[in-house]
Amino acid sequence: MTSMSLTDTDGTGGGTARFRAARDFLLAHRDDYPAAYEGFDWPRPREFNWALDWFDAIAEGNDRTALWIVEPDGGETKLSFAALRRRSDQVANWLRSRGVRAGDRVVVMLGNQAELWETALAAMKLRAVVIPATPLLGPADLTDRIERGRVAHVIVRAEDADKFAHVPGDYTRIAVGGTPDRPGAPWLSYEDSAHADEHFTPDGPTGADDTLLLYFTSGTTAQPKLVEHTHTSYPIGHLTTMYWIGLRPGDVHLNISSPGWAKHAWSSLFAPWNAEATVFVHNYTRFDAARLMAEMDRAGVTSFCAPPTVWRMLIQADLGALRTPPREAVAAGEPLNPEVIETVRRAWGVTIRDGFGQTETSVQIANPPGQPLKTGSMGRPSPGYRVVLLDPVTGGPADEGEIALDLSVRPVGLMTGYAGDPERTAEAMAGGYYRTGDIGSRDADGYITYIGRADDVFKASDYKISPFELESALLEHEAVAEAAVVPAPDPLRLAVPKAYVVLAEGFEPGPATAKALFAHSRATLAPYKRVRRLEFAELPKTVSGKIRRVELREHTVRGGGTEYREEDHR
């Protein structure tokens, strides 16, 4: 077994060579997990700038397609690695001429458009700090980001400029797609960057621990946290994401993700370009499975990553319409239900491989290519991660408990902490572990299965209930498109499982459907787990698409909807 040692302890540089060696090691062992896990060592350079030291290096004279965007009307944009290098140099020079300096915080609120990738590379070259933001945000969310993020500049689509009319702050306003004619502070036109010099010279070295990204989390249970990443934690950290997906040089990678969220940086920026693959984007206003598969065929997509919501919509279509399935298929964001995996396997002959990570990290646990899979399992720890399950009572290692990372060998892919919140950071890093807040169980072979968020797991009649397990069982029924399970107060059992269900097309809410779902629950779940109450309702979600179970729990306590009880529908 070949191992590697890439730690830069003398500060002499060599970050690019160390990064390439680490990448090539994972590529060489993409189908040999034991060798990859035992032999991998994180590169830890003192200085590193991914845009300058890696992207520009692979882009030199490289006319292969780096970015390919297809629009709903059929129009498309294709940019080579070399073109993006030149263009990002121009944007960096222009932004510098407009006052953007190293350490300045910049909100970038763009859609899946070429300017997003140009800006990301340019900001890195300038050593500016990017705060990604989805265009779905409204003025209140933006005010919070401007204030807590101490923002100096914003770069947004022209059509979103009105959202900033009442967002206070002394920040530079840059619009993409035209200059808005609005009262108040003037807007600069991003298009003026086309006249800037195509050759960029950095104004200083980039420290590996310099801040690169500040991510506001989706806030499923509380106010969004501000996650801080460096010039190594995401760029180098996402070597594990590249490994999990199974990316190779020359691949065409499709990741369905909205800009502004961590998963977009994971699989639409760092992981594919770490592998020298093409980033393929299919923009759509309304999800159309047939059109998506047609574009995948046309582009020759070799690897495909999508959240569980998209996978669930896909399996309701004719999967056989995809003539050439991708070689690699993965899911992330929330655990994927086993019946979806089996449906895709039958149609495409490809197994969707699950993985686990957070905004705070790269992929911590995953099923990489070529390894035995276990239904329902997230897989095993990623190379470079030492994963421990902590017993909630004793705090010691256990076979079931909170998923945590051993910090005695700190993984490069872990955040610095929560910006401006030392107490929350200390809590998350207490006792020599980074604590994820997620619960899992580990089997004898080292495979870890997701149980649920620590906040979501509850007890009924003194039995521990995993909402995810019950939701997976409900999704096996043809009437269920989506489901979320929360505890409902019960005078006898303390709490009982209540399911909120979104029905698939062709099914109507009512007593008959409720009776069928209760019967399905009794047939597929142990008596102490089965669903006792049910309500048909839309599921509240964050702007990133994650279910806000906290709202459902509050609604359950308040009441007000049409609730069906199992004892009334036998």
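- The side-chain contact (heavy atoms from CB on, under 4.5 Å) test applied to Arg298 returns Trp68, Val70, Glu76, Glu295, not counting sequence neighbours.
- Side-chain atoms of Asn283 do not come within 3.5 Å of backbone N or O of Pro72 as any donor-acceptor pair.
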Run the side-chain contact (heavy atoms from CB on, under 4.5 Å) check on Leu517 and His477 step by step: do they pass? CA-CA 8 Å; Leu517 294 181; His477 195 283; 3.7 Å; yes
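- Heavy-atom minimum distance, Ile448 versus Ser377: O-OG, 3.0 Å.
- Of the possible donor and acceptor atoms, one in the side chain of Lys163 sits under 3.5 Å from a partner among the backbone N and O of Pro135.
- Residues Glu423 and Asp421 form a side-chain contact, since some pair of their non-hydrogen atoms from C-beta on lies under 4.5 Å apart.
- No side-chain donor-acceptor contact under 3.5 Å links Asn112 to the backbone of Ile69.
- Residues Gln364 and Thr436 form a side-chain contact, since some pair of their non-hydrogen atoms from C-beta on lies under 4.5 Å apart.
- The main-chain N or O of Lys225 is found under 3.5 Å from a side-chain atom of Thr217 such that the two form a donor-acceptor pair.
- Ring geometry, Trp117 versus His264: the interplanar angle falls from 30° to 60°, so the pair is classed tilted.
- Considering only residues two or more places apart in sequence or on other chains, Tyr385 meets the side-chain hydrogen bond (donor to acceptor under 3.5 Å, both in side chains) condition with Ser362.
- A 4.5 Å side-chain heavy-atom check between Thr449 and Tyr447 finds every atom pair outside the cut-off.
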Would you sort out whether Thr425 and Glu228 count as a side-chain contact (heavy atoms from CB on, under 4.5 Å), showing the intermediate values? CA-CA 11 Å; Thr425 299; Glu228 182 177 352; over 6 Å; no
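- Using a distance-only test at 3.5 Å, with no hydrogens or angles considered, a donor-acceptor pair links the side chain of His520 to the main chain of Ala473.
- Looking at Glu535, its side chain never comes within 3.5 Å of a backbone N or O of Glu563 through a donor-acceptor pair.
- No more than 12 heavy atoms of other residues, nucleotides or ligands shown are found within 6.0 angstrom of CD on Glu538.
- Across all their heavy atoms, His166 and Pro168 have their closest contact at O-CD, 3.3 Å.
- Looking at Thr361, its side chain never comes within 3.5 Å of a backbone N or O of Gly413 through a donor-acceptor pair.
- For the pair Ser233 and Met415, the minimum side-chain heavy-atom distance is 4.5 Å or more.
- If you take CD on Glu328 and SG on Cys305, they are separated by 12.0 Å, rounding to the nearest 0.5 Å.
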Quick one, Leu414 with Met429, criterion side-chain contact (heavy atoms from CB on, under 4.5 Å). Give me CA distance, side-chain angles, the key distance, then yes/no. CA-CA 11 Å; Leu414 174 62; Met429 307 285 185; 4.1 Å; yes
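- Using a cutoff of 4.0 Å between basic side-chain nitrogens and carboxylate oxygens, Arg565 and Asp568 are not scored as salt-bridged.
- Side-chain atoms of Pro540 and Leu552, non-hydrogen and from C-beta on, do get closer than 4.5 Å to each other.
- Smallest separation of non-hydrogen atoms from Pro259 and Leu116: CB-CD2, 3.8 Å.
- Between Trp244 and Phe356, a ring centre-to-centre spacing not shorter than 6.0 Å is recorded.
- In this structure, CD in Glu402 is found 8.0 Å from CG in Asp438, a value given to the nearest 0.5 Å.
- Just one of Tyr418, Tyr234, Phe270 meets the ring-ring contact (aromatic ring centres under 6.0 Å, His included) condition when paired with His229; it is Tyr234.
- Between Pro139 and Val167, the shortest heavy-atom contact is O-CG2, 3.9 Å.
- Contact annotation: the side chain of Val279 never approaches that of Leu269 to less than 4.5 Å [non-hydrogen atoms, C-beta and beyond].
- Residues that satisfy the side-chain hydrogen bond (donor to acceptor under 3.5 Å, both in side chains) test with Thr351, not counting sequence neighbours, are Arg345.
- Distance check: Asp406 CG to Tyr433 OH gives 5.5 Å after rounding to the nearest 0.5 Å.
- In this structure, the separation between CZ on Arg548 and CG on Leu539 is 13.0 Å, given to the nearest 0.5 Å.
- Looking at Asp490 and Arg533, their side chains come closer than 4.5 Å, going by heavy atoms from C-beta outward.
- Judged by distance alone, with hydrogens and angles left aside, the side-chain atoms of Thr513 form a donor-acceptor pair with the main-chain N or O of Glu508 at under 3.5 Å.
- Note that CG of Leu407 is 10.0 Å distant from OH of Tyr434, once rounded to the nearest 0.5 Å.
- The distance from the OG1 atom of Thr375 to the CD atom of Glu339 is 11.0 Å, given to the nearest 0.5 Å.
- Scanning both residues, Tyr215 and Ala265, for their nearest heavy atoms gives OH-CB, 3.2 Å.
- Checked by atom type, the side-chain pair Tyr500/Glu551 shows no donor-acceptor distance below 3.5 Å.
- Considering only residues two or more places apart in sequence or on other chains, Ala271 meets the side-chain contact (heavy atoms from CB on, under 4.5 Å) condition with Thr241, Met242, Ile245, Leu247.
- Surrounding CZ of Arg150 are at most 12 heavy atoms belonging to other residues, nucleotides or ligands under 6.0 Å away.
- Pairs of residues two or more places apart, or lying in two chains, that qualify as salt bridge (Lys or Arg N to Asp or Glu O under 4.0 Å) and include a residue from residues 371-393 are Lys374-Asp443, Lys374-Asp445.
- The backbone N or O of Arg353 sits nowhere less than 3.5 Å from a side-chain atom of Asn367 that would complete a donor-acceptor pair.
- Remark: Arg291 is not positioned above the aromatic ring of Tyr284, lacking an NZ or CZ atom under 6.0 angstrom from the ring centre and at most 45 degrees off the axis.
- Here the shortest heavy-atom pairing between Tyr564 and Gly510 reads OH-CA, 3.4 Å.
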When you look at Leu314 and Phe287, which way does the side-chain contact (heavy atoms from CB on, under 4.5 Å) test go after all the steps? CA-CA 9 Å; Leu314 267 175; Phe287 183 79; 4.1 Å; yes
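- The backbone N or O of Gly246 sits less than 3.5 Å from a side-chain atom of Arg327, completing a donor-acceptor pair.
- Contacts classified as salt bridge (Lys or Arg N to Asp or Glu O under 4.0 Å) and involving residues 516-527 (residues at least two apart or in different chains) are given here: Arg522-Glu566.
- Residues Pro132 and Leu213 form a side-chain contact, since some pair of their non-hydrogen atoms from C-beta on lies under 4.5 Å apart.
- Counting heavy-atom neighbours within 6.0 Å of Glu427 CD, excluding the residue itself, gives a total of 12 or less.
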